[in-house]
Every structure is written in C-alpha cells, then in structure tokens.
Amino acid sequence: MANARQAAVAAIVATKHKLNWIDFKTTHVKDLFGINVFSEDVQKQRLPKPVFKKLQETVKKGKPLDTTIADAVASAMKDWAIEKGATHYTHLFQPMTGITAEKHDSFVTPTGTGGALAAFSGKELSQGEPDASSFPSGGLRATFEARGYTFWDPTSPAYIVENPNGATLVIPTAFLSWTGEALDKKTPLLKSMDAVESQALRILKLFGKGDAKVITTVGPEQEYFLIDKNFYYARPDLIATGRTLFGAPPPKGQELEDQYFGTIPDRVLAYMSDCEAELFKLGIPVKTRHNEVAPSQYELAPTYESANLAVDHQNVVMDILRKTAEKYGLVCLLHEKPFAGVNGSGKHNNWSIGTDSENLLDPGTNTHDNIQFLVFCTAVIRAVNKYAEILRLSIASAHNDHRLGANEAPPAIISIFLGDMLTDLFEQIEKSGSAKTTRSGGIFDTGASVLPQLPKDSGDRNRTSPFAFTGNKFEFRAVGSSANIAGPNTVLNTIIAESLDYMATKLEDATKGGKDLKAAVAELIPPIYKESKRVLFNGNGYSEEWHKEAEKRGLANLKNTIEVLPVIVRKDTVELFTKYKVYSEPELKSRFNILSEAYVKALQIEGKTALGMAKTMILPAALRYQGEIATSIAAAKSAGAASPAGIETLSALVSAVNELQLGINKLDKVLNHHADGEPFDHAKQARAEIFPALLTVREAADKLETIVADDLWPLPTYREMLFIK
C-alpha cells in the first residue's frame, strides 16, 4: 500500500490540469483594468456634481470628509454594486492578526409587509461595528469589552469581489476601539502619512511650493512559492505553520541558478495570467512577473501607488495569489522561509515621497544643483541612522528570523546603499558645503557592432543592502513576504517626518535670520551627513568583514525578534510616535504584547507540529526500516555470512533514531514548560527553549531521511516538492 507521499507523486503524474488561459486578444487589459472598482471615473458618472467634488477634495487634497454626502455616496455605491451582482457589503479592516478581516451584511432589508428592498445608508457606509473582543489588543481591551468600530476610508476606493454565487462590495476601513485606540494597522499608517506630509510641506514652502499635496508612494514586490496541492496536504508542517519543519537538502537546489529568470512553466504562467486578470479588475497595477532564484519560487511586482492604497492592494494581492492557486491544483506559500537551504521570500518595499507633479527623491541630471533633492535625501539618511533599530523592529517576526542574513536576504544590520554617484556627491558636500559635479556613468560599449551605445547608470545596485537607493526611491529589502506592509511604512513615514521636522526648523531659523536658502542648506547638510554616514555601506552586506566593521561603527545587529522587541517600548520610541500622534504610549505597549504573543504562538505551533510528526510519522518509519535491516542481518548471519551487508547502515540508523528520540523528549519537555510573567517573558522562554529543541529534532530527522528506505519515508521530499510541477 502506497504511503501519502507516494500517493501524492502518483496523483500529480496522473493529473492533467485544465489551464484557464486568459485570452487577452478578446479581453484587452485596458477594458479589464479597474472594472470592479468604484473609481473616480465611476464616481463622476454616478454622483451629483457637488457630492463628487466634496469627495474628491478628501481623496486628493486630504480635506476632512464631509459627512453630509455619505447618503448620496452610499446610494450610488449600492446601485453600482448591485448592477455588478453584489448581494452583500463588507467593511474590510486590518486587525493586529496581520491579515485582513471582514463581516458580510446583506443589502436586503425587510419592508414589514412581506417584501424586501435593497438599502444601504450613509451611516452603514461610514461606520460599522464588528465584535472587537477576539482580535489581538495587547491589553487595550478586556475580553468582555467587545465594542469596536470600523470607519470608511474614502481615500481607498471600494471594489467588488466576485464569487461563484454573486459578488460582495468591499469597503476599506480603519478599525478602532470604543475608547478610541487603534486596533489595526491602517489607522497608524494614515496618521504617519499626515505627519510626513505636514513636515515635507514646511520644506517645500521654503522652495516656494507650500501649496502642494505630498504623498508617500510604495511599490511592494511580492515573492512566493508554488507547490502542488498533493504535496501540501501530505505535509502537516506546511498546513499548520506555512514552512517545512523537516527536509534534507536535495541533490540539486538552486546552485546552478537555472531557475532565476528562466522560462516560466505553462501551468505557472496560466496561474500568473489568471491572477493578473483578477488584479487588473480591481485596478491593481501589477507590472512584472518572473521566476525567482529558488526552484518553484516566483515574483510579482506592481507599479507605485499612494502608500495607503498600496497597502490595501498588497493585502488583496496575497489573497488572490492564494485563492487562484487552488484552481490549478497548486498552493501558494507566502512564508518567509518555506524550505531550508534555498532562498526565502521577501517583499521589497520601494518607498518614495512626492507631490502631484514631482518625485522629491528624483536626483535629476545635475544632482549637485538639485538642493531640494539633497535636502530630502539627507532627511532619509538621517532618519535611518538615528532610528535604525526602530526600522529593524518594523520587519521583526518569527517567520522573518529564518530569512534575514541568509544568502538571499539582507543582514539584520540596517545600513543604506547610496551608490557611487550619491556617495561621491555627499562626500563633496561634507568637505566644502556644496558639490561641484555629478558623477556620470558614461556610455556602454558592448563591442558588438549591432548593439547601440547607450548611457550607463552612474552606479551599480546592491542586493545585499537592507535599504538601498535605486534611482528615485529607496528599496527596503528586509520586509518579509507574509508581512502586512502597513507596519514598515508607518515607521518609515514617521522617522522621516521627524528628520524633515528637524531640518525644516533649522532652515526656517536660518532663512528668517537673513540667510539665503542655498547657503542655509550648504551649512545644514555637512554636519548631518558626517554624523549619519556610519549607516552608509556600499559593499557586500553578507561578508564577515562588514559585520565586524558595523560593530566598530556602533551599528546594532539585532539578529532575532527577541533581541529587537523591547525597542518598541523604549523611551525614544515612545517619544517619537507620540510626538507625531501616530501611536499613543498604550498603543505601543499593546503592540509589544501582541508581537510577543504572536512569537510565542508561532513557536508553540511549530513545536507541537514537529513533535507530532516526529512521533507518528518519522520515528515509526525509521523503526520499521531498523527492523527490516536487523532482520536481514540476522538472516544473513544464520546463513553463514561473516560480515552481512547493512551493519554500517544499521549502526547509523540506530544512532540517528536515538538522537531523534532524545530530541523528541527534549521538545516535549520544553513545550510543557510555561514561563511566568508578561507576554515578552514567554517569548524569551520560547526562543531560549523551543527554538533550539526544534533544531535538534530536525537535525536528527533530516539525517534519517538520508538513511531510511525511500519507499518507507512518509513525507514528500524537497526534491519532489520543488521540482515536480
């Protein structure tokens, strides 16, 4: 009888998948894009002109929402949604679980005379009341204090999600407690966007542009793995934790680098096209798709949007990647490290700041003369240097701990890659207060007569840097693939708001004192750069030399979540976020508790899953094989063999089985030991005891995988999961 692993391989080989190819010849992208979004164009068509004008003042200019227009907007939104097949609406929010949440309500309202009508009021649009008691609150709310409110976010347009039985109108919202604390990730993000805009406007006012609307923009690249669902359902660890807790390295991994940017398999390409079609309908501007470095790893990347909209869209992207995979007999893995020994997955967070008419981080052609860019770029450098530990905190999780510092991800040391051109320019400024030249990259001369000569960028890129300047934006590469990007962007916005505040104050004081703006900038930047340049590094972030150099520079190397979590309640962190009203002190304390509890739960689930698999799957398979080998040796000896084959195998097997049993006993013991005290005390205990016990069990189990007969091994192997498509 075949075991689950063998049955999975047989099922994959026998199945011919129906590929739902999207025919973009008959359905053009331009006719598909945004068709399920209550967009500006739809609003203009369906709303009375005064209502449309007031709504756009909120969306585009950031004016407070005029609540008197809610009924008119709700009526138009309802009619549009019903025409699209919607029967229900939901307020979508982002609680501290890290994923989205929703409660569906029907448009149908009884008339009282035996009939019903479709109704949707401005009050229902503007505010909802989901039960808040079971969402993580970190002590902000007691279990019996259940009331929580969702508030319509008009800057992120409503949209339609189709399902087999109709559709649902989805309304992006913020989520707050009855006492006013933020219970979600969106509310602090919106506050941080306000903070960075108000400080940026002070700078722009000095340049004669004080009436601009400032937004931060984000383009989050999404990496993910795809494996066949038959393998997934035969791996309890993938089901429970999102990653493989066991698995010996395959003979071939990613070392040939043949997967990276290789030809996309038909099954995967059909899946990608299907995902893109659904994302296009929702107005999500996905741009790039390709094979990533690890086998069965892929990437999707959008173009840039307002940070708030990008966050909402990124949550939708993850949801659609997961759901669409089911149609193709696949499972999408978004965990940061599903497979040991090959690249994990990140979510490169490309951040910039701009107005309706210009990118404030675009260096232009003659960068040495672009003092506005130099001011904003200096503000970013100062912010990352001063608040590096808070930035590191923003991407901390038990999942991301497995990825950071490995050979595909940046180290846990936060540093900035500026590139040759900007480094040279700032070095000139440090020495003399101004830069005279901008380094040019020159011209490519390929040596091939048919290829044109084209301009070369002034500097290379650096894939080992956690925070790299890449032309007109900074790429925060350390964000994890399963993360809600609201957290990292809230931190980025806030720390840069503080830097802009500092620099605006200095420049305002100097210009009020009669100094020319250019002279004031020339006086301001050099000392900031000199103080902050320790965070700049253009070299190999993976090298041991950099780790030693970073330590000399005084840069923190917070290697895991437990080392970095206390930063969230540190005095300077509290002062920063309360000053700009992004988080209150109780909200920061609550997040400290929530993140601590999440860490504990992640390790406990992994520990219990590993323990069960080791006891009921791996150990029995090893003992069966041990019995077979022992029986074979005994039979050979009775037949007169002096040195039967299998003695060395049996010895290695017995040793590995004993190691596994000892590891099981240790893991069982630490899982039944509970620390006293606050959530962080439990998190420290989980890191100190459960984490190493997991590694011990894995080491023994992976050794057994290389010894036990293939037909007895119960778990789909790496060579199967990563290479059988």
Side-chain angles (χ1 to χ4, degrees), residues 98 136 138-139 235-248 335-341 344 392-393 395-406 412 480 482 556-569 589 591-619 622 655-705 715:
R235 295 281 315 208
D237 47 1
L238 281 177
I239 294 172
T241 73
R243 76 180 183 101
T244 53
L245 301 174
F246 305 104
H335 193 287
E336 282 73 3
K337 198 76 171 178
F339 303 100
R392 168 67 180 89
L393 170 70
I395 45 92
S397 72
H399 297 170
N400 213 18
D401 282 354
H402 295 288
R403 168 180 165 265
L404 289 179
S482 68
N557 186 6
L558 302 169
K559 296 180 181 179
N560 60 65
T561 297
I562 298 307
E563 291 183 15
V564 75
L565 273 183
V567 172
I568 200 169
V569 287
K589 174 67 173 175
R591 279 146 180 81
F592 179 50
N593 291 333
I594 289 168
L595 292 171
S596 298
E597 289 168 356
Y599 186 89
V600 173
K601 290 171 183 175
L603 263 66
Q604 284 182 337
I605 291 169
E606 288 185 354
K608 291 174 184 177
T609 303
L611 187 64
M613 292 173 69
K615 281 182 174 180
T616 64
M617 300 177 79
I618 296 171
L619 184 60
S655 175
V657 166
N658 288 338
E659 288 176 26
L660 180 64
Q661 186 63 65
L662 289 172
I664 287 172
N665 295 341
K666 180 180 179 182
L667 183 57
D668 199 1
K669 182 179 179 181
V670 298
L671 285 171
N672 286 302
H673 169 250
H674 298 289
D676 296 323
E678 297 294 319
F680 185 62
D681 297 317
H682 292 261
K684 287 190 291 185
Q685 181 260 334
R687 177 73 193 187
E689 298 182 12
I690 298 176
F691 186 78
L694 273 166
L695 294 178
T696 300
V697 172
R698 175 168 194 153
E699 185 178 349
D702 290 356
K703 189 183 296 182
L704 283 168
E705 185 183 330
L715 298 171

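Note: hydrogens, waters and symmetry copies are ignored here, and every other heavy atom, side chains too, is used. Along the sequence shown, the residues carry numbers beginning at 1.
Salt-bridge check for R687 with E563: failed, with every basic side-chain N at 4.0 Å or more from each acidic carboxylate O.
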Side chain to side chain contact (heavy atoms under 4.5 Å, CB included) between K615 and D668, intermediate numbers included
CA-CA 10 Å; K615 281 182 174 180; D668 199 1; 3.5 Å; yes
Could you walk me through whether L715 and I618 pass the side chain to side chain contact (heavy atoms under 4.5 Å, CB included) test, one step at a time?
CA-CA 8 Å; L715 298 171; I618 296 171; 4.1 Å; yes
Let's go through E606 and F691 carefully: what are the C-alpha distance in whole Å and the side-chain angles of both, what is the deciding distance for side chain to side chain contact (heavy atoms under 4.5 Å, CB included) to 0.1 Å, and is it a yes or a no?
CA-CA 9 Å; E606 288 185 354; F691 186 78; 6.0 Å; no
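To the nearest 0.5 angstrom, L603 atom CG is 6.5 Å from L694 atom CG. Note: R403 CZ to K337 NZ = 9.0 Å, rounded to the nearest 0.5 Å. Going from atom CD1 of I605 over to atom CG of D237 covers 13.0 Å, rounded to the nearest 0.5 Å. We find the NZ-CD1 distance between K666 and I690 to be 12.0 Å, quoted to the nearest 0.5 Å. Remark: L619 CG to I664 CD1 distance equals 5.0 Å, nearest 0.5 Å. Expressed to the nearest 0.5 Å, how far CG of L667 lies from CG of L660 amounts to 10.5 Å.
In plain terms, the two heavy atoms of V657 and A622 that are nearest each other are CG2-CB, 3.7 Å. A pairwise comparison of heavy atoms in M617 and P236 identifies SD-CG, 3.9 Å as the closest pair. A pairwise comparison of heavy atoms in A610 and L245 identifies N-CD1, 3.7 Å as the closest pair. Taking both residues in full, the closest heavy atoms of V670 and A693 are given as CG2-CB, 3.9 Å, listed atom of the first, atom of the second, then distance. Looking at every heavy atom in both residues, A396 comes nearest to V564 through CB-CG1, 3.5 Å.
Under the 4.5 Å side-chain criterion, counting only non-hydrogen atoms from C-beta, I562 is not in contact with D401. Looking at D676 and D681, their side chains never come closer than 4.5 Å, going by heavy atoms from C-beta outward. Residues I395 and E336 are not in side-chain contact: their nearest non-hydrogen atoms beyond the backbone lie 4.5 Å or more apart. Within the 4.5 Å cutoff, the side chain of L404 has heavy atoms near those of the R392 side chain.
At distances below 3.5 Å, at least one donor-acceptor pair connects side-chain atoms of T244 with backbone N or O atoms of P338.
Among pairs with a residue in residues 692-705, those fulfilling salt bridge (Lys or Arg N to Asp or Glu O under 4.0 Å) read E659-K703, R698-D702, at least two apart in sequence or across chains.
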For residues 595-602, dump all side-chain donor-acceptor pairs below 3.5 Å to protein atoms at least two apart in sequence or in another chain.
| from | atom 1 | to | atom 2 | distance (Å) |
| --- | --- | --- | --- | --- |
| S596 | OG | F592 | O | 2.7 |

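Between the side chains of N665 and Q661, at least one donor N or O sits under 3.5 Å from an acceptor N or O.
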